[in-house]
Amino acid sequence: MSRWKALPGELDPRVRQLVVRLRRLKDHSGLSLRQLAAKTGYSASSWERYLGGRSLPPREAVEAMARIGGDDPTRLLALHEVAAEAWGEGRADTSAPEATGTAGTAGAAHTVEVVGALQAAGADDTGPYNLAAPNEETRHGRSLRVALVAGAVALVLAVSSAVLLAVRLTDGDSRASATPLGSATSSVSPSPSPSGPRTYACEVERIDGRWYAGNSRTRDAVLAEGLAGPEVAEAQCLLRRAGFAPGVVDGIFGPHTKSAVEQLQKRAGLVVDGIIGRHTWGALRR
């Protein structure tokens with residue numbers, strides 16, 4: 001296994017998590033940097049910068065590494081999306097403690113903050129990815145971060161369950177209204193039984209300098225192919241408003257929606273990966 005150099009202390013934890021995962025995949029493959037360059041099309045010096053945290057790898061390089069290492073490309077590309085946003089924001093961390101005169105000391109707070117993230121990514125506590133043991137105060141901070149992440153995951157699951165339940169209840173009401181009530185007559189014609197995917201209305205309006213379509217007001221939800229819900233419908237409406245064709249506005253993130261997102265990202269000068277993050281929402285809302 002390679003003995004990796006310590007990552008820069010000022011490296012954002014979100015970028016650090018991606019780099020650590022790439023290092024593990026490289027070690028798992030058993031390839032040298034030259035062999036890795038031959039298989040991916042990116043030079044050995046480029047991989048040295050990527051794996052050293054000195055340069056953000058492009059999406060294609062990350063996807064190639066996932067294939068070589070046998071990892072799930074979707075999960076790795078989601079990490080890349082988050083890392084790309086962090087990289088664009090710069091490496092300054094306002095929550096870091098006052099510097100003591102050396103780069104290692106200045107990066108100590110960052111090192112402690114990402115222990116949980118690296119362990120979640122599968123880092124070996126005794127291997128070359130090992131970080132310094134946190135003191136009592138940083139352990140408390142890490143526990144708080146883990147609790148917040150767990151709470152966020154639970155909230156997402158609860159919202160998803162509520163949306164699915166609402167969809168089922170709506171479908172049930174539609175079927176009930178389509179059933180005739182004996183011989184009684186009614187001035188309201190029965191609603192037809194649903195025969196296809198759900199569609200959403202696009203009530204586009206501009207509020208406080210931003211565009212909204214009436215399905216969701218999110219500005220930072222991460223959406224990728226295979227997801228579904230009102231946030232996806234909101235993005236589809238705004239893509240249509242911007243002149244791109246996402247297909248039917250059904251709240252399902254399919255190939256047509258992904259293609260439209262990539263076209264928008266290309267026009268806006270963003271990373272073209274077909275994943276909607278905070279920067280892509282900004283381009284849609286403008």
Side-chain angles (χ1 to χ4, degrees), residues 1-29 31 33 36-37 39-93 95-96 107-125 127-132 142 145-146 148-149 152-153 220-225 265 270-280:
M1 181 180 289
S2 304
R3 301 300 300 180
W4 296 101
K5 294 182 180 179
L7 293 172
E10 69 275 10
L11 193 63
D12 189 281
R14 292 165 289 180
V15 180
R16 184 183 295 268
Q17 185 177 359
L18 173 66
V19 173
V20 169
R21 178 61 63 89
L22 292 175
R23 286 183 172 188
R24 288 184 61 83
L25 290 175
K26 190 265 184 188
D27 287 344
H28 180 72
S29 70
L31 299 176
L33 289 178
L36 189 61
K39 285 182 173 291
T40 62
Y42 294 87
S43 67
S45 60
S46 296
W47 276 113
E48 185 176 3
R49 292 194 304 272
Y50 302 155
L51 297 174
R54 291 180 284 122
S55 180
L56 183 70
R59 181 178 185 274
E60 292 76 10
V62 173
E63 189 172 7
M65 178 66 87
R67 290 197 303 269
I68 293 172
D71 199 4
D72 181 9
T74 302
R75 181 171 56 181
L76 200 60
L77 290 174
L79 288 177
H80 180 268
E81 167 75 10
V82 175
E85 292 184 2
W87 192 271
E89 295 170 0
R91 301 181 181 180
D93 186 355
S95 63
H110 292 288
T111 302
V112 170
E113 288 178 1
V114 298
V115 169
L118 294 180
Q119 288 177 343
D124 185 356
D125 290 340
Y129 317 100
N130 187 32
L131 300 176
R142 183 179 64 185
R145 288 168 60 87
V146 170
L148 290 175
V149 171
V153 171
D220 55 6
V222 177
L223 305 178
E225 187 173 7
Q265 290 172 331
L270 301 175
V271 176
V272 181
D273 55 9
I275 299 175
I276 300 178
R278 184 159 58 88
H279 294 299
T280 304

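In this text, all values refer to a predicted model and were calculated from it rather than measured experimentally. Keep in mind that the numbers below use all heavy atoms, side chains included, and drop hydrogens, waters and symmetry copies. Throughout, numbering of the chain's residues begins at 1 and tracks the sequence.
In this structure, the side chains of P57 and Y42 stay at 4.5 Å or more apart for every pair of heavy atoms.
The distance from the CD atom of E63 to the CG atom of L76 is 9.5 Å, given to the nearest 0.5 Å. The NZ atom of K39 sits 12.0 Å away from the CE atom of M65 when rounded to the nearest 0.5 Å. Atom OG1 in T40 sits 10.0 Å away from atom CG in L33 (nearest 0.5 Å). The structure places CZ of R24 at 13.5 Å from CG of L51, a figure rounded to the nearest 0.5 Å.
With sequence neighbours excluded, the residues forming a side-chain hydrogen bond (donor to acceptor under 3.5 Å, both in side chains) with S46 are S43, R49, listed by chain and number. With sequence neighbours left out, the salt bridge (Lys or Arg N to Asp or Glu O under 4.0 Å) criterion links E85 to no other residue. Listed by chain and residue number, V15, L18, L56 satisfy the side chain to side chain contact (heavy atoms under 4.5 Å, CB included) test with A83 (two or more places apart in sequence, or in another chain). When the salt bridge (Lys or Arg N to Asp or Glu O under 4.0 Å) test is applied to E60, no partner is found at least two apart in sequence or on another chain. Under the side-chain hydrogen bond (donor to acceptor under 3.5 Å, both in side chains) criterion, Q265 pairs with D273, T280, sequence neighbours left out.
Here the side chain of H279 pairs no donor or acceptor atom with the backbone of V271 at under 3.5 angstrom. Side-chain atoms of R14 do not come within 3.5 Å of backbone N or O of L79 as any donor-acceptor pair.
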Below 3.5 Å, can you tabulate the donor-acceptor pairs from side chains in residues 67-75 to any protein atom, sequence neighbours excluded?
{"unit_1": "D71", "atom_1": "OD1", "unit_2": "R75", "atom_2": "NH2", "d": "3.2"}
{"unit_1": "D71", "atom_1": "OD2", "unit_2": "R21", "atom_2": "NH1", "d": "3.2"}
{"unit_1": "D72", "atom_1": "OD1", "unit_2": "T74", "atom_2": "N", "d": "3.2"}

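Sequence neighbours left out, the pairs with a member in residues 44-68 that pass ring-ring contact (aromatic ring centres under 6.0 Å, His included) are W47-Y50.
Contact detail for A44 and A37: the closest heavy-atom pair is N-CB, 3.5 Å.
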